[in-house]
Amino acid sequence: MLESRLISLLRQNKDLGVKISSNLGKWGFTATKISNEASFSTLNQYRLLSSLPKLAPSSRNFVRRTFVNYGLRSFHHLNHKGVHRMSFRKISTVAASAAENKEGLKFLVTAGPHARKMVGIWLFTSAAWVFSMVVLGGITRLTRSGLSMTDWKFTGSLPPLTDEDWLVEFEKYKQSPEYKRVNKGMNIEDFKFIYWMEYAHRMWGRALGIMFALPFSYFLRKGYITVRLGFRLSGLFALGAGQGLIGWWMVKSGLEEPASEYVEPRVSPYRLAAHLTSAFAIYCGLFWTALSVVMPEPPADSLACVRGAAKVKRLALPVGILVGITAISGAFVAGNDAGRAFNTFPKMGDTWIPDNIFSMKPLIRNFFENTSTVQLDHRILATATLAAIGGLWLSARKLDMHPAVRHLIGSTMGMAVLQVTLGISTLLSYVPVSLGTAHQAGALTLLTFMILLNHTVRRPSPSLLKTLPSVAKMV
């Protein structure tokens with residue numbers, strides 16, 4: 001009974017199937033050579049489904065199973081004819097071409113995601129190495145170890161290995177102004193400590209150069225690095241090589257006799273600021289480049305989030321510049337040893353503003369060489385930085401933005417509060433090595449957050465903007 005009804009349905013629709021098959025040829029499908037038999041089979045599958053409601057429940061289940069088997073055989077037949085296989089190949093080719101030619105999106109690393117991951121890890125490691133260099137440099141300065149080595153070689157040299165070698169180095173240090181005015185009577189064991197600190201700092205920098213150059217050469221040979229990225233990394237490498245020269249230029253200023261016998265020998269605050277600024281610039285360049293390699297597109301799930309990120313960017317860029325200026329002002333505080341003056345807060349001694357902040361002539365010297373003015377400037381800049389980041393955090397709460405951006409702004413706000421707390425604690429405790437080092441590391445950490453924020457809120461490529469909905473979907 002059931003089989004006879006199915007045969008009747010198939011015969012009734014045979015003419016219609018042949019007619020549609022001929023029309024498919026007129027619509028441009030003749031190149032696929034779809035047979036009348038295949039068209040007839042596909043059409044009658046649809047007709048058979050439409051007749052299922054007319055059958056009994058038990059019969060419908062049997063027909064469904066029969067139809068599935070029949071449909072699979074028809075699909076295999078069409079695939080054998082080349083229709084499905086050719087269409088899938090064409091779609092895959094178009095998708096691959098679109099992925100490689102996104103409008104407005106240029107990858108800094110070629111050879112695919114694996115190459116980008118390898119280069120990104122290398123750049124992040126290099127940035128972390130520079131970060132450790134800054135921290136180690138802070139420890140070297142706070143322990144007054146920077147002037148223990150009185151000569152310098154670009155390639156470096158072996159440390160003293162025998163007692164005679166140590167005595168030779170110690171005699172050289174005894175001729176320096178720091179020993180005569182600050183460390184007179186120091187024994188050789190204390191000298192070994194400060195010597196090893198400075199030696200480690202110098203050799204750590206040279207090791208960074210090797211660690212950067214070898215993978216750079218490898219990636220260039222493999223063809224992973226584009227011309228644009230190659231020029232950028234070459235510039236950073238040259239700046240890193242020049243950093244050693246800047247460091248020796250700074251140390252040399254501390255080996256000269258001070259103008260007055262009442263002045264302690266110390267390195268030039270200008271040269272110290274140049275040395276620290278150069279280190280910060282290298283770190284920022286490496287970190288930004290690493291982010292650009294591994295995150296070519298910013299996080300965005302809707303056009304509303306993109307508009308919110310654009311509003312944040314208008315605030316994040318000047319705030320980031322303010323963070324950098326505040327960090328550099330800290331170099332002048334260190335260069336003038338201003339952290340050991342006016343160890344009170346919020347007042348500077350008994351007054352809010354010392355009387356001698358403009359005592360030097362010409363006036364501009366006070367902002368870089370006057371201990372009172374330098375510390376006051378740093379206090380004002382630090383307070384302004386905290387207020388600016390707080391304003392950014394408050395304004396961002398009312399904007400639509402990606403959750404990653406919102407969390408990043410909150411973390412930046414928390415880091416700013418911690419950095420100010422570290423600064424005040426360092427001042428009140430008369431600049432111990434531990435807190436002073438933590439405060440310098442905190443400055444670079446806060447700058448890291450600002451770099452990450454500015455990179456995250458940049459505008460997406462046109463190809464990504466075309467795919468974004470107006471409003472993010474609620475999950």
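As a basis for the values below, the full set of heavy atoms in this structure was taken, side chains included, without hydrogen atoms, waters or symmetry mates.
Across every non-hydrogen atom of Ala316 and Leu453, the tightest pair is CB-CD2, 4.0 Å. Between Pro296 and Phe107 the shortest heavy-atom distance is CG-CE2, 3.6 Å. The two residues Thr426 and Pro432 have their closest heavy-atom pair at O-CD, 4.0 Å. Between Phe216 and Gly230, the shortest heavy-atom contact is CZ-O, 3.9 Å. In terms of heavy atoms, Leu447 sits closest to Gly320 at CD1-O, 4.2 Å. Across every non-hydrogen atom of Tyr270 and Glu369, the tightest pair is OH-OE2, 2.6 Å.
For the atom pair Ser217 OG and Ile225 CD1, the distance stands at 9.0 Å (nearest 0.5 Å). Atom CD of Glu171 is separated from atom CH2 of Trp166 by 14.0 Å, given to the nearest 0.5 angstrom. Rounding to the nearest 0.5 Å gives a distance of 12.5 Å between CG of Leu376 and OG1 of Thr371. Distance check, rounded to the nearest 0.5 Å: CD of Gln243 to CE of Met133 gives 7.0 Å. Between the CG atom of Asn343 and the OH atom of Tyr430 there is a distance of 6.5 Å, given to the nearest 0.5 Å. From Ile451, atom CD1 reaches atom CZ of Phe287 across 6.5 Å, with rounding to the nearest 0.5 Å.
In this structure, Gln375 contributes its side chain and Ala338 its backbone to a donor-acceptor pair below 3.5 Å. Proximity of a side-chain donor or acceptor of Thr143 to a complementary backbone N or O of Ile194 within less than 3.5 Å is not detected. In this structure a side-chain-to-backbone donor-acceptor pair under 3.5 Å is missing from Asn183 to Met186. The closest donor-acceptor contact from the side chain of Asn336 to the backbone of Asn370 lies at 3.5 Å or more, if one exists at all. With Trp129 contributing its side chain and Trp204 its backbone, the two residues share a donor-acceptor pair below 3.5 Å. A distance-only check finds no donor-acceptor pair linking the side chain of Ser278 to the backbone of Ala274 [under 3.5 Å]. Under a 3.5 Å cut-off, the side chain of Arg232 and the backbone N or O of Leu286 do not form any donor-acceptor pair.
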Solution key, residues 248-259 side-chain donor-acceptor pairs under 3.5 Å, sequence neighbours excluded:
from	atom 1	to	atom 2	distance (Å)
Ser253	OG	Met250	O	2.5
Ser253	OG	Ser268	N	2.9
Glu257	OE1	Arg181	NH2	3.3

Contacts table for residues 389-403: side-chain donor-acceptor under 3.5 angstrom, sequence neighbours left out:
from	atom 1	to	atom 2	distance (Å)
Ser395	OG	Gly391	O	3.1
Ser395	OG	Leu392	O	3.0
His402	ND1	Ala404	N	3.0

Donor-acceptor list for residues 324-335 side chains, cut-off 3.5 Å, not counting sequence neighbours:
from	atom 1	to	atom 2	distance (Å)
Thr326	OG1	Leu322	O	2.8
Thr326	OG1	Thr385	OG1	2.8
Ser329	OG	Thr326	O	2.6
Ser329	OG	His378	ND1	2.7

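Looking at heavy atoms from C-beta onward, Leu444 lies in side-chain contact with Tyr283 at the 4.5 angstrom threshold. Counting heavy atoms from C-beta on, the side chains of Asn366 and Leu363 come closer than 4.5 Å. Proximity of Thr412 to Leu452: side-chain heavy atoms (C-beta onward) are nowhere separated by under 4.5 Å. Side-chain contact between Thr445 and Phe131 is present, with at least one heavy-atom pair separated by less than 4.5 Å. With contacts defined as side-chain heavy-atom distances shorter than 4.5 Å, the pair Met295/Thr456 qualifies. In this structure, Leu303 and Arg307 have side chains that are in contact, with non-hydrogen atoms separated by less than 4.5 Å. In this structure, the side chains of Trp122 and Val119 come closer than 4.5 Å at one or more pairs of heavy atoms. Residues Met149 and His201 fail the side-chain proximity criterion, which asks for heavy atoms closer than 4.5 Å.
Atom CZ of Arg228 has more than 12 neighbouring heavy atoms from other residues, nucleotides or ligands inside a 6.0 Å radius. Other residues, nucleotides and ligands place no more than 12 heavy atoms under 6.0 Å from the NZ atom of Lys117. For Leu161, the CG atom is densely surrounded, since the number of other residues' heavy atoms within 6.0 Å is greater than 12. Within a 6.0 Å sphere centred on CG of Asp350, other residues, nucleotides and ligands contribute 12 heavy atoms or fewer. In Lys222, the NZ atom is not crowded: 12 or fewer heavy atoms of neighbouring residues, nucleotides or ligands sit closer than 6.0 Å.
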message = Between Met450 and Val319, does the side chain to side chain contact (heavy atoms under 4.5 Å, CB included) criterion hold? Intermediate values first, please.
response = CA-CA 8 Å; Met450 292 308 305; Val319 172; 3.7 Å; yes

task = Give the C-alpha distance, both sets of side-chain angles, the deciding distance and a yes or no for side-chain hydrogen bond (donor to acceptor under 3.5 Å, both in side chains) between Ser148 and Tyr199.
result = CA-CA 9 Å; Ser148 59; Tyr199 185 83; over 6 Å; no

Evaluation steps, side chain to side chain contact (heavy atoms under 4.5 Å, CB included), between Ile246 and Arg271 = CA-CA 8 Å; Ile246 296 174; Arg271 299 186 187 187; over 6 Å; no

task = Determine, stepwise, if the pair Val417 / Met413 fulfils side chain to side chain contact (heavy atoms under 4.5 Å, CB included).
result = CA-CA 6 Å; Val417 173; Met413 181 64 199; 4.0 Å; yes

inquiry  = If you apply the rule side chain to side chain contact (heavy atoms under 4.5 Å, CB included), what do you find for Leu427 with Val431, and how did you get there?
reply    = CA-CA 6 Å; Leu427 179 70; Val431 196; 5.9 Å; no

message = Set out, in order, the CA-CA distance, both residues' side-chain angles and the distance that settles salt bridge (charged side-chain N to carboxylate O under 4.0 Å, His left out) for Glu264 and Arg144, then state yes or no.
response = CA-CA 12 Å; Glu264 287 188 1; Arg144 302 190 71 100; 3.7 Å; yes

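Looking at Asn356 and Ser372, their side chains do bring a donor and an acceptor atom within 3.5 Å of each other.
Under the rule for a salt bridge (Lys or Arg N to Asp or Glu O under 4.0 Å), the partners of Arg202 that lie at least two apart in sequence or sit in another chain are Glu198. In terms of the salt bridge (Lys or Arg N to Asp or Glu O under 4.0 Å) criterion, residue partners of Asp151 (sequence neighbours excluded) are, by chain and number, Lys172. Remark: Gln440 pairs with Val134, Arg141, Leu276 by the side chain to side chain contact (heavy atoms under 4.5 Å, CB included) rule, at least two apart or across chains.
By the 4.0 Å N-to-carboxylate-O rule, Glu178 lies too far from Lys184 to be salt-bridged with it.
Relative ring orientation between Phe191 and Tyr195 is described as tilted, the plane-to-plane angle lying within the 30° to 60° band. Ring geometry for Tyr173 versus Phe170: interplanar angle under 30°, hence parallel rather than tilted (30 to 60°).
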